[in-house]
Structures are given as structure tokens and as C-alpha cells.
J.: 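Questions regarding the structure given below will be posed in turn.
Letters go in sequence order (proteins before strands), and every chain restarts at 1. A quick note: this is a predicted structure, and the numbers were derived from the prediction, not measured.
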Number of protein chains: 2
Amino acid sequence: MATIYDVAKAAGVSPKTVSRVMNGDAPVNQVTREAVEQAMLALNYVPSSAARTMRSQRSGLIGMITGAISTTHQFEDAGLPEIYLVQGAQRVIDQSNRTLLIADSGGQAERIPTLLQTFREHRVEGVLYVAEYHREVTLPASLRDRPIVLVNCFDAEDTPCVLPDDEGGQFALVEGLIRRGHQRIAYLTLPEHQVACGLRVSGYRRAHAHNGIDVDEQLVQVGALPSSTHEYDLLWDALDRVLKAEPTVICCANDKMAMRVYGLLRERGIAIPQQMSVAGYDDYRMIAEHLHPGLTSAELPYGAMGARAADKLLRLMSGTTKTNEPSRELVSAPVAWRESVQSRDLNVTQLNSRRRET
Amino acid sequence: MATIYDVAKAAGVSPKTVSRVMNGDAPVNQVTREAVEQAMLALNYVPSSAARTMRSQRSGLIGMITGAISTTHQFEDAGLPEIYLVQGAQRVIDQSNRTLLIADSGGQAERIPTLLQTFREHRVEGVLYVAEYHREVTLPASLRDRPIVLVNCFDAEDTPCVLPDDEGGQFALVEGLIRRGHQRIAYLTLPEHQVACGLRVSGYRRAHAHNGIDVDEQLVQVGALPSSTHEYDLLWDALDRVLKAEPTVICCANDKMAMRVYGLLRERGIAIPQQMSVAGYDDYRMIAEHLHPGLTSAELPYGAMGARAADKLLRLMSGTTKTNEPSRELVSAPVAWRESVQSRDLNVTQLNSRRRET
DNA sequence: CGATGTCATGACATCGGTGTCATACATGAT
DNA sequence: ATCATGTATGACACCGATGTCATGACATCG
């Protein structure tokens, strides 16, 4: 492997001049520059980031730790959207001429210390700490010594974080349903202890309040359990209960649940969307686009969150964070409207209630 | 940040002795060792991988390039299973005391040269080159200068690679269907130019031959198009055609297609699995487990492939590759049997034909 | 008892860049 | 002519590990 000395010799200059050509930190004569560039090309020279890091005390590395926080060893599909986070973050980080170092614990918590040790050995300059679902976390002490941004999670100490706007997303979805003429909107929720559950239910309620519609509490039922093995044991009963309240649309806590509801409704001979509209959450396109009919869903904007988090981290690292910048950032996303939701004609009463909106 | 000199001073020894304590490459007195270890702990010392890399000329890094090969900029969900590959590879690589450096192009081919440059600057010692679907690729010349293992793809020059056993997987699935009493097995294939299409159809045919069943060619139809926008334009007609051939089960080229077939069959009032069994491919659990009824599917073993590829690469790097080791490795996986396939009673004729198997 | 070997340790150079400082020359202002 | 300024370049040290070699203290052996 050619070094800067080889290039210098080939170009007939000092190593420092080669360095100047690469970094542009001091003027270099045009003729010299070209000679150096030719030599670099001829020798297929690639600078060593190790040497650079050592001398400059800057690694240019940003660490991302994912799949880190699972309590269960089998977190299965929860980790899938991470790839979007990675892509979003990497796009931003590449532009800043840095490199993303990813540590995926694969849900094995006992491997985290090793991974963090690797980060420290490589002198990562900042950390993106990613949770697999919207939740509160407690940071390991060893992560407190460098800039960090939490992604899809938050802590009690107001560490900077980037979160999905669950409340706003559910609001937009329900608001859209109401605009499409739905008044009796069922909601099958996430497990109640989940952060996203509370937020989304709030959004659901705010959309109702905003349109002057009272929420029939029978329309809101818990649709999923925390344990992944019995995750949907409740669903059958929950669906039965909301159906008794005669909704025109069923909002599901996520697309997986919506997929199950498709099956359950069809078993009951209820046609989607002619007899019942259905909506999901996550806009997990692998599901939403290929279900039949296509599933209306509020997007969980992982790509945008990754990009925003990387951006926030870079600003944190360079000290250019605006003083008024909130430590907690919400990322919103549009609702993807597909065929699973059918518009209903508005009758006069409903029009009256809609008029209040504006 | 504390250095090895700080530790040496604190422990009252030379830096070299500290190095020896860390690396265990020469005997160190027990008393000295303990003093050094205490000093390291007290100073919160973390060795610098940059310095190590520079001196030892070994970076301990393995590069993985993913999402790299897409021709379309929007490869959407194709990239999702990559997370399993990453996890599988990282598990193996961590054990070898190395670090995985992941470069995800996000499907933007123009970013690849930059990413490879980063790899070279960091002196990665080996590369895992990942394709987003089973295909042939042509390696960039700049990757030929270090050990490399292709994952989910292969090239014309017999570069070592790890591939899913599509033929075997489809064979096992169809074989299982036959054992469960199915004789008329429809198959909706991938786009014909795809490598996996040919292999899976071969497996399908071999399972028939193995059981002495003739394949009714009307049962085999192309179910998907290459273009992602018109991907399933064919599906409606293809399904119609295979239904005319009166199958008892429909094998779909992948789980996405199976999900669509669920919808289409139900539109026609055909109950799954009572009137028609359905099977998929990929065992994409997010879909297969939550569809109703649960979808029988042949697993595409991404996790295992990642681990196998990492293992193969490590052996290649250390020169311990067995001389008789094939450059191309197939990874098999079991079929996940779920409720979408119903067993059928075997009549006497069928039993006779089954008897031939053994 | 001297030769040899093992254990334990340190001195010193080195890996490949870059920061600091010095130097040489050309240009323009005083 | 003198000095300041800017351009262009090189010498040299240094970042933090580790490989090489040397050294001293003991133990073992013939």
C-alpha cells in the first residue's frame, strides 16, 4: 500500500506538500498540485484514516447502536425498519464526510458492553442510540461522555432525542376519516403501557374533539398484549366488542394488527371497504401496499427520523445547535390513503358538525 | 483520553509492559499485571484502535456493502431482510474480535465509489458484498484487491459466494405438500429472468418427478413482472388460469404475492385453506405469521447466510480455507408449516404413487 | 562453576499522516 | 533601499500503539 512518502518521492516534493494537496489547507502551486495528483493516481494512493485519526485526534466516526434495548431475545420483526433509519442517517453523515459505524446487538443485551467498548476504541465522536419501538430508556453511564442523540426513544434527563409524532399522526389519520364522512371510528390500541399507545389515543381523541364528535368509549379497545407469544389473544374479543358499537371504520394500532383484522372481518363475512373501512399505522409498505384492498396507514417515518437524528447529532458535535432548539424533536409524516377506507356521503347533521371545524 | 503512557506512569512501568498486559504476548509478573490493571481502570483507559492499526498494519475491520446493486433508485422493501444478514454476520465477526463496517448505498449506485473509498481508507481486510435479491453481479475492479465473499449473489469468475438454496427450499415445500395429499399444485412464479425463478421451478418439478407426478403445465404461470410499478399486473390473469386447472393448493413465488392471492381468492369467495391451500416463499414472518390463516412458507435464511458468509470470509482471510471447499455455498432452511395448507386424505391411487418415493 | 535458558522488563524505532515553525522568493507599499 | 505581506515549500516533531533487541535476575544443567 502506497504511503504519502511514496507519493512525495514520485512527485519530487515533501510529504507535507502532498498533505496540502489533499487537504487544501495551504496554497499549492498549480504545477506542483498536478504532479502530486498524478503521482497519487499512478500509485493508487489511498490515505490511511488510522494515521489521520491518530495525528488529528478526530476519527470522523459516528456510532449507531441498534437492536440494543430489547428485553426479549427474540424481538423478531421489530428490528426491520431499522434499515430505513440506517439509510436516513447514513445519507446525512456521508455528506458531512464522516463514517457511520453500526453496532447491532441483535437483541442480545449482554453484547452491548462489548459493542460500546468497540465504539470507544475507535474513538467515535458521537452516538445515535436507537430503540426498536417508541419508549423511554435509561442510558448506560458509559455513553454519557460524548454527544448522543436518542432515536425512537427518550430518557428522564432530557437527552436530545428524535421521536415519531404519534399523536399528530393518529390525529391526521382520524381527522381524514372524519372528512371522509366517518363518525363512528373504532380504535384497537397497542398494549396500554406503551408510550405510542397513549399518544395515538390522544390524537384520536383530539381529532374527535376538534370536530365536535363525542367519543363512544366502547369504540376504543385494547387490541394487543405486550407478550409477543400472546400478542393478539385479545384481538378476537376486542374486535367483537367494537363491532357491537357499530363503527364504519376500524383503526388498528399497527399494520400487523390491521392484517389480522382483515382476516377476522372476512371470516365474519364483512367486506372491506364496502361494509367496513380499515386503517393501520406504520405504513409498513411491505404489508400496506400488498394487502387487498390496499391499507390506509399513517406513516412511521423512520428514514426521516434517521436523517433528522444524524443532523441533530452533527450540530451537537459542532456546537452549532441553536440555543432555542428543543432537545426533543417530533418527526411528522403524511397518511397514506389507500382503498381500505371508503368515503361516506355526509348527511345534513354531519355537515353541520363539520362546519364547526373551520 | 488516557494513553498507554499515562497508564505506564501511573503503574510505574514502561508502556511496553502495559502493552504486554493487554495483549498477553509475553509473560508479566502477577504483581505488575495487577498494578497495570488497576491503573487502566483508574484512568478509564481505552486503547486506540487507530494507533494499533497503524503500528500493526491490521485494521480488524470487515466491510459490508449493501443496497448497492439496485438499478432502480426505489428498491423499497427489498432491502428489509438485510438487517438479518447484518445480525448474522455481526455475530460471527464479533466473536473473531473484529468490527463490521457497514456501507449502505440506499440503492443509489452513484454513491458506491465513495463508500468503497471509505473502506479503503479504513483498510478493511475483507468485504461482504450483499445483493438485495438472488442474482448475478459483476464486481467493481476496485474490490478485487482483497478477500471478498458475495452474499445472495454470484459472478462469472467463481468468486466465493453464499446463496440461498432456492431449488432445495421449493423442493422441500412441494414435497411436503405432496406428503400432505396434494397432487394438483399450482405455482405462480417470479419474473422469468430472475435466478430464483428458475431454481424454484426446478425444485417444484423435481418434487413432482420424485413422487412420480406429471406436472400439468397449466398449473405453472408467471405471477409477477420485473417492474415494481406493474409488478402484479399479471397476477389476476395468472390466478384465473391456474384456477381453471383445478389445483388444491397454490404456491406463490413469495409472501407478498401470497398476501395478494389471499385477497384475490377471497374476492372470488374461495376459503383458505378449506377450499384452497396457499403457500408462499421467504417466510417473511411479519407477513406469514400475521396473515389469517398463517401462511406456510419456505424460509429464505438471511440470518444463516450472513453468518455463513462471515465465516467463509474469515477463513479466506486467515488462509484456512480448506482446499476442497467449494467457492459457492448453498444455505438451506426448513419450511414453516402454518394453517394456510390443509392436509388432504389420500385415496388409494395416491397412496400407490406415494409408495414409490421410498 | 560456567554455560545456557527462561522470566521479566525497558529502550528505542516505527507505522503514516499533519501541526508548527522556518525559509525563500516575489510583490508592492513606504 | 527597506520593510511588510503573501505565496510556496520543507524540516521536524508528534499522535499512541507495538515489534525488535538488549539487559538483568534466577534457575537448571552438564
Side-chain angles (χ1 to χ4, degrees), chain A residues 1-37 39-40 43-61 97-99 117-125, chain B residues 1-37 39-40 43-61 97-99 117-125:
Chain A
M1 199 97 226
T3 75
I4 200 170
Y5 296 93
D6 301 326
V7 175
K9 194 180 292 180
V13 298
S14 76
K16 181 71 222 200
T17 298
V18 178
S19 168
R20 280 192 267 258
V21 170
M22 288 192 290
N23 298 289
D25 54 345
V28 174
N29 187 289
Q30 183 64 22
V31 180
T32 315
R33 158 168 284 119
E34 275 162 18
V36 169
E37 274 163 357
M40 296 202 300
L43 295 172
N44 196 19
Y45 170 71
V46 180
S48 151
S49 72
R52 247 186 204 155
T53 296
M54 195 159 144
R55 178 68 243 230
S56 67
Q57 301 289 62
R58 294 190 55 251
S59 69
L61 289 174
N97 218 20
R98 272 173 251 252
T99 304
Q117 175 71 6
T118 304
F119 278 4
R120 288 203 294 276
E121 290 185 1
H122 285 273
R123 305 290 190 259
V124 301
E125 297 167 19
Chain B
M1 198 96 227
T3 74
I4 199 169
Y5 295 94
D6 302 326
V7 175
K9 194 180 291 181
V13 299
S14 76
K16 180 70 219 198
T17 298
V18 178
S19 168
R20 279 192 268 260
V21 169
M22 288 192 289
N23 298 289
D25 53 345
V28 174
N29 186 290
Q30 183 64 21
V31 180
T32 316
R33 155 168 284 116
E34 276 163 18
V36 170
E37 274 162 357
M40 296 202 298
L43 294 172
N44 195 20
Y45 170 72
V46 180
S48 152
S49 72
R52 250 186 200 157
T53 297
M54 196 158 141
R55 178 67 243 233
S56 67
Q57 303 288 59
R58 296 190 55 252
S59 68
L61 289 175
N97 218 22
R98 271 173 253 252
T99 303
Q117 176 71 7
T118 305
F119 277 5
R120 289 204 292 277
E121 289 184 4
H122 285 273
R123 304 288 190 260
V124 301
E125 296 167 20

J.: Check the distance between D:dT9's P and A:Arg20's CZ and give it to me in whole angstrom.
T.: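 So the two atoms are 8 Å apart, to the nearest Å.
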J.: Is the shortest side-chain heavy-atom distance between A:Leu61 and B:His122 below 4.5 Å?
T.: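 SC-SC contact between A:Leu61 and B:His122 confirmed.
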J.: Do B:Arg52 and B:Asn23 come close enough that some side-chain heavy atom pair is under 4.5 Å?
T.: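 Side chain of B:Arg52 against side chain of B:Asn23, heavy atoms only: contact under 4.5 Å found.
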J.: With distance as the sole test, does A:Arg123 use its side chain to make a donor-acceptor pair with the main-chain N or O of A:Arg120 at under 3.5 Å?
T.: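 Indeed, once roles are kept as given, a pair shorter than 3.5 Å links the two residues.
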J.: Using a 4.0 Å cut-off to any heavy atom of chain A, which nucleotides of DNA chain C are the first and last in contact, reading 5' to 3'?
T.: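 That gives a stretch of C:dG16 to C:dT20.
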J.: Tell me the interatomic distance from A:Arg58, atom CZ, to D:dG16, atom C1', rounded to whole angstroms.
T.: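 Nearest whole value for this atom pair: 18 Å.
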J.: Roughly how far, to the nearest 0.5 Å, is the CG atom of B:Asp6 from the CG atom of B:Asn44?
T.: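 Rounded to the nearest 0.5 Å, the CG-CG separation comes out at 12.0 Å.
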J.: Can you tell if the side chain of B:Ser48 reaches within under 4.5 Å of the side chain of A:Met54, non-hydrogen atoms only?
T.: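 Answer no - side chains too far apart.
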J.: Name the residue closer to the 5' end of DNA chain D, choosing between A:Tyr5 and A:Pro15 according to the nucleotide with the nearest heavy atom.
T.: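 The answer here is A:Pro15.
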J.: Do A:Val7 and A:Met22 come within less than 4.5 Å of each other through their side chains, counting heavy atoms only?
T.: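 Side-chain contact under 4.5 Å: no.
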J.: Start at the 5' end of DNA chain C and walk down; is the nucleotide closest to B:Ser56 or to B:Gly12 reached first?
T.: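 Counting from the 5' end, the first nearest nucleotide belongs to B:Gly12.
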J.: So, do A:Tyr5 and A:Val18 sit near enough that their side-chain heavy atoms are less than 4.5 Å apart?
T.: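 No, every pair of side-chain atoms sits at 4.5 Å or beyond.
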J.: Counting just side-chain N and O atoms, does A:Thr17 come under 4.0 Å of either OP1 or OP2 of D:dT9?
T.: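 Result: no.
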J.: Using whole Å, what does the distance between atom P of nucleotide D:dA17 and atom CG of B:Asn23 come to?
T.: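 Going from B:Asn23 (CG) to D:dA17 (P), I get 11 Å.
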J.: Judged by atom type as modelled, is there a donor-acceptor pair below 3.5 Å linking the side chain of B:Glu121 to the main-chain atoms of A:Pro47?
T.: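 Judged by distance alone, no pair lies under 3.5 Å.
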J.: Just checking B:Ser49: base, sugar-phosphate only, or nothing, at a heavy-atom cut-off of under 4.0 Å?
T.: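 The residue B:Ser49 makes no contact with any strand.
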J.: Below 4.5 Å, heavy atoms only, C-beta onward: do B:Thr53 and B:Arg58 meet side chain to side chain?
T.: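 A side-chain contact is absent here, since even the closest heavy-atom pair is not under 4.5 Å.
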J.: B:Arg55 has an atom CZ; how far is it from atom C1' of D:dA17, in whole Å?
T.: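 Going from CZ in B:Arg55 over to C1' in D:dA17 covers 8 Å.
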J.: Check every strand shown and say whether B:Val18 touches a base, only sugar-phosphate, or nothing at a heavy-atom separation below 4.0 Å.
T.: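 Result for B:Val18 = nothing.
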J.: Rounded to whole angstrom units, what separation is found between the CG atom of B:Leu43 and the P atom of D:dA17?
T.: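 Going from CG in B:Leu43 over to P in D:dA17 covers 12 Å.
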J.: Stem ranges for DNA chain D, with three or more consecutive Watson-Crick or G-U pairs under 3.5 Å?
T.: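 If one scans DNA chain D for consecutive Watson-Crick or G-U pairs, the stems found are C:1-30 with D:1-30.
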J.: When the distance from CE of B:Met54 to C1' of D:dC15 is rounded to whole Å, what number comes out?
T.: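 From B:Met54 CE to D:dC15 C1': 8 Å.
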J.: When we call it a touch if two heavy atoms are under 4.0 Å apart, what does B:Thr32 touch: a base, just sugar-phosphate, or nothing?
T.: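 Sugar-phosphate, no base atom in range.
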J.: Could you check whether A:Met1 gets within reach of a base, just the sugar-phosphate, or nothing at all, counting any heavy atom under 4.0 Å?
T.: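 Answer is nothing: A:Met1 stays at 4.0 Å or more from every strand.
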J.: Below the 4.0 Å mark, does D:dA8 have OP1 or OP2 next to a side-chain nitrogen or oxygen of A:Gln30?
T.: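 The answer is no; no side-chain N or O of A:Gln30 sits under 4.0 Å from OP1 or OP2.
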